[in-house]
Amino acid sequence: MYRTHTCGELRIQNVNETVTLSGWVQKARDLGGMTFVDLRDRYGITQFVFNMETDADLCDKARKLGREYVVAITGKVAERESKNSKIPTGEVEIIAEKLEILSKSAVPPFTIEDETDGGDELRMKYRYLDLRRNCVRENLVIRHKMGIEVRNYLDQKDFIETETPVLIKSTPEGARDFIVPSRMNPGEFYALPQSPQVFKQLLMISGFDRYYQIVKCFRDEDLRADRQPEFTQIDCEMSFVEQEDILNTFEGLTKHLFKKLKNVEMDFDFPRMSYADAMKYYGSDKPDIRFEMKFVDLSEIARGNDFKVFDEAEYIGAICAEGCANYTRKQLDKLTDFVKKPQIGAKGLVYVKYNEDGSFKSSVDKFYSAEDLAKWAEACNAKPGDLILVLVGDKAATQTQLCELRLEMGERLGLRDKNKFSPMWVVDFPLLEWDEDSQRFHAMHHPFTSPKKEDFHLLDTDPGAVRANAYDLVINGVEIGGGSIRIHDTDQQKQMFRHLGFTDEEAKEQFGFLMDAFQYGAPPHGGIAFGFDRLASLFAGLETIRDVIAFPKNNSGRDVMIDSPSAVADDQLLELNLDFRQKPE
RNA sequence: GGUCCGGUAGUUCAGUUGGUUAGAAUACAUGCCUGUCACGCAUGGGGUCGCGAGUUCGAGUCUCGUCCGGACCGCCA
């Protein structure tokens, strides 16, 4: 028998029991006459004692144990002479009687402990060792519990979990597809799904009524801390529902998960904000509303003082940083550098200090009197001691820049507390988005999203103004999920494809099966998908989704542990009828 | 495709203005040590300074290129 107990469960009540434990050697402390061995498994750490006087051979064997050896040790539980209050098993130790080495270990490239000395690169290369560390494993346990609770909630709401295929068809809309060559159909390719979108809609037509799936999705785009080429979604669809039904159902799921995983009671309705307001007040469709610091539009009141930069700007936007009037020149210069970074791209930063004594000091004193600045302060709802920061320029770009500045100030002021959770719904997204590159409209969400009834008449005259029945769940500035009420009518879907620049033939070729299906009684339906990894990283208090994924890919989309992707043998290529084409220089 | 940061012992890092034999901590090995739990003490081994070129009497240090890792922009319906 390898074990009678785990390494985390023995207590003072077990004294005098003879037990066998198996695990990894955390550390052997050789004191000469006696040796202590800490044995670790997933459940905890237990100390064993070997004594030269009792059994010299056994003790000698123990002192030679290296880190991460896998051993089984039998002995009698005893109360410790000197207890360790830091670990749950610290009141007892096991007087070893038998030691079996099950597996030796090379010296690990980094120490397996919470505060490891290993860097990220090394940890990824030896991910199987990294996963032995408590803090990493605990993140995956959170993920596991999330899966259970998602299933509990949705099952209780009569959702049916249904698997959809992984080898599907490539479509031109949306992200780049991963493609898979078909051996049996030379010259043809499958694509991996970016989402099970059309399948879940077909399941609604099949009368499943409520579907969900915790499912891998694939997008061949560049990676980020919160983006992996393969990621997991909680994908859902419901029939005979309006937007309100979906929002309520999934607000419920969110609350359920917060209660179960964080013991956070969210006994309030999630605030809702239109896309237009989100852009106007936060410069983002995923605002972090853990703190206010809303944008104030100074375009009207700040023009007309012969300050060319302002007079010529399409938009003058300000935020008010509470209590920052005492910022030094150096701090302000740093902020200026921040907004001028190429990634942000502002030309400069105007500041107005509203000093404690009621006076003003600004970088535009040459153009604006104290009275002018007082008007700004009033518009910004600023108090003495506050700092007003102003960016100007093209409206959309400036709002984006101001958004970055706002988040930076929120960070500096400690307003982005990771233990605070501020969920919200962003609603009324535009249906279409103009794309300069292809000179046509693209679906902002996806081409199956339905337009709002009251905006439908604008579709031909002013497509950009049409709002969609689309919504996003945003928590702490992270897009956690999004969805829409779908089109369930062949003609409307055809019309939509036309607006997206598809010919009827192309639409038929790509999505003919869906439009065919619409002819056989499609119920009104809609759905949502949550980013499972992002939600897990939020619950785990992490910035990156990598640490809630057992075997993630690196920045370049590589798995450095198994070293993929990799070349394949010529035989394989031949079998698949594949040859390489060189990109033109 | 682009911007920025990094690469020195197994590991985490320091390394001054370009100048003697490239250091520290930790890990590892050996020896001593009977109450440790970050055990302690002593001794020892361990380096293609990512790679390549250039400047120089002399390069870990400066320049260019390249590879690798990370953050971000573009991209991500």
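Values below: every heavy atom of this structure, side chains too, minus hydrogens, waters and symmetry copies. Every chain is numbered from 1, with letters handed out A, B, ... down the list of sequences. The shown structure was predicted, so the numbers you read here are calculated from the model rather than taken from an experiment.
The nucleotide whose nearest atom lies closest to any side-chain atom of A:Arg29 is, among B:rC76, B:rU36, B:rA71, B:rU36. Of the listed nucleotides (B:rC73, B:rC76, B:rC37), B:rC73 has the atom at the smallest distance from the side chain of A:Gln343. Of the listed nucleotides (B:rC75, B:rA38, B:rG35), B:rC75 has the atom at the smallest distance from the side chain of A:Arg224. You'll find that the side chain of A:Asp222 is closest to B:rG74, out of B:rC37, B:rA27, B:rG74. Distance from the side chain of A:Arg80 is smallest for B:rG35 among the nucleotides B:rC72, B:rC68, B:rG35. Distance from the side chain of A:Met34 is smallest for B:rG35 among the nucleotides B:rA71, B:rG35, B:rC37. When each of B:rC39, B:rC37, B:rG70 is scored by its nearest atom to the side-chain atoms of A:Leu31, the top-ranked nucleotide is B:rC39. Checking B:rG74, B:rG69, B:rA27 against every side-chain atom of A:Val107, the shortest atom distance belongs to B:rA27.
A salt bridge is defined here as a Lys NZ or Arg NE, NH1 or NH2 lying under 4.0 Å from an Asp or Glu carboxylate O, and A:Asp130 with A:Arg127 meets this definition.
In this model, no side-chain donor or acceptor of A:Arg67 finds a partner on the base of B:rC28 within 3.5 Å. A:Glu93 contributes a side-chain N or O that forms a donor-acceptor pair with the base of B:rG35 under 3.5 Å. Looking at A:Asp30, its side chain comes within 3.5 Å of the base of B:rC33 through a donor and an acceptor atom.
In terms of position on RNA chain B, the residue among A:Thr544 and A:Ile87 whose nearest nucleotide sits closer to the 5' end is A:Ile87.
Using cut-offs of 30° and 60° on the angle between ring planes, the pair A:Tyr126 and A:Tyr128 is perpendicular. Between A:Phe511 and A:Phe502, the ring planes lie tilted relative to each other; the angle falls in the 30° to 60° range.
The shortest distance between the side-chain N/O atoms of A:Ser556 and the OP1/OP2 oxygens of B:rC68 is not below 4.0 Å. An OP1 or OP2 oxygen of B:rA38 is reached within less than 4.0 angstrom by a side-chain nitrogen or oxygen of A:Lys86.
With a cut-off of 3.5 Å on both Watson-Crick or G-U wobble distances, the partner of B:rC13 is given as B:rG23.
Proximity of a side-chain donor or acceptor of A:Thr35 to a complementary backbone N or O of A:Arg63 within less than 3.5 Å is not detected. Between the side chain of A:Arg80 and the backbone N or O of A:Glu91 there is no donor-acceptor pair closer than 3.5 Å.
Among the heavy atoms of the strands, none lies under 4.0 Å from A:Gln194. A:Ser195 comes within 4.0 angstrom of a base, heavy atoms only. Among the protein residues, A:Lys83 comes within range of the nucleic acid bases, having at least one heavy atom under 4.0 Å from a base atom. In this structure, A:Glu433 reaches neither bases nor backbone, as no heavy-atom distance under 4.0 Å exists between it and the strands shown.
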